[in-house]
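First comes the structure, then the notes that go with it.
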Amino acid sequence: MTSTDVRSVIATARRIVVKIGSSSLTRDGGGLDSHRIERLVDSIAARRLSGSQVVVVSSGAIATGFPQLGLSKRPRDLTTQQASASVGQGLLLARYTEAFNRHGFTVGQVLLTADDMTRRSHYRNAQRTLNRLLEMGAIPLVNENDTVATAEIRVGDNDRLAALVAQLIHADALLLLSDVDGLYDGPPAQGGSRLIVEVLGDDDLLNVRIGGIGSAGVGLGGMTTKVDAARIASMAGIPTLIARFDSAGDALSHANVGTVFHATGRRTRTRLLWLAHASTPMGQVHLDSGAVQAVVGKRASLLPAGITHVAGSFMAGDPVDVVDASGQVIARGLVNYDAQELPGLLGRSTRDLSRELGREYEREVIHRDDLILLPLVP
Ligand code: GLU
């Protein structure tokens, strides 16, 4: 596929996720810029009218909320950020609803956390809700559920959240709107840096110096998180466009702007991508070589017999890293036992454990369905 082909796939995608950052929607000192929301919504509505389903992932809750609470700048501590998000999210939803209503479209709010999404039942429920909203012609407005997402369980930035939502709903394209034109091969403010028109795969990123791009004042993402997000999506088979917010109309109608990332991997529906990309491991389980062979080679569940030791203070249900004898992380999974209980079970067969301690000890330490091998390769 050429860059033109991928752009035409994005321009005609039946299902597209559009992500907007805080700095595009809010004023310098915080607070919503309704005019900019209206302009954006006009472009999205035009795309909807041409037959596409659109999911909007919008940041801006914290940046909208803090001035309302009398603060002059974005708070640094998580709790005040959460309070600000609580105030701002309602205003954000109201503005989007108003703007979309003018075009005759209905908005449905969906607030997600990474912790939720790694659990099978929640993942499926969110997936069903989003699909139903789209089938019924509504426009889902997604954000992280900031008021409950603590440091350990947050996705943290909405760029990655948008990529994971795109994967969740099997979108055909992802559009990340930014405050720069796209990805440059060096700092855009510096003379001589050039816009990269297309990224075919990771090799095209080897010589890119990202760092420090983007507006850290009101939002979180910069170009680093956008590239991460584009890689997550493209590895899941979803082509991605990074473009300037002011070019949203062009990006949504013909996609001949910004940097396009080709799809490098196959489409996947697995919730385990959330585990790999959006969870924070709460500890580690270290394996002997036989267990590594079983987990990696045979894709087997992880049993207590092959674990040499554990580290960290995790609870049953938490994400943990699975580490080989050389210290290399080979997988991440949701563990079925607490860190306190697990050491007493190590090296023993599940049959012995079950006979001695009861049937519930027959279960794996990590079930294969809750385990994703790392690193992910396209
Ligand atoms: N969820 C945060 C908000 O709405 C923003 C996260 C981000 O900037 O990526 O304010």
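What you see below is based on every heavy atom in this structure, not just the backbone, and it leaves out hydrogens, waters and symmetry mates. Indexing begins at 1, ligand by ligand and atom by atom, following the structure's order.
- Between the side chain of Arg271 and the main chain of Thr118, a donor-acceptor pair closer than 3.5 Å is present.
- Contacts of Gln68 classified as side-chain contact (heavy atoms from CB on, under 4.5 Å), with partners at least two apart in sequence or in another chain: Val87, Leu91.
- Heavy atoms of Gly21 come nearer than 4.0 angstrom to ligand 1 in no pair at all.
- Ligand 1 has a nitrogen or oxygen under 3.5 angstrom from a nitrogen or oxygen of Asn143.
- For atom 2 (C) of ligand 1, the candidate residues are Asp146, Asp157, Thr26; the nearest heavy-atom contact is made by Asp146.
- By the 3.5 Å distance cut-off applied to N or O atoms, Ser58 is not counted among the residues near ligand 1.
- When the side-chain hydrogen bond (donor to acceptor under 3.5 Å, both in side chains) test is applied to Gln109, the partners found at least two apart in sequence or on another chain are Gln89.
- Among the candidates Leu175, Ile10, Val54, the single residue satisfying the side chain to side chain contact (heavy atoms under 4.5 Å, CB included) test with Leu252 is Leu175.
- Using a 4.0 Å cut-off between charged side-chain N and carboxylate O, Arg15 and Asp172 make no salt bridge.
- Less than 4.0 angstrom separates some heavy atom of Ile62 from each of these atoms of ligand 1: 3 (C), 10 (O).
- Between the choices Ala63, Ala61, Ser22, the shortest heavy-atom distance to atom 3 (C) of ligand 1 belongs to Ala61.
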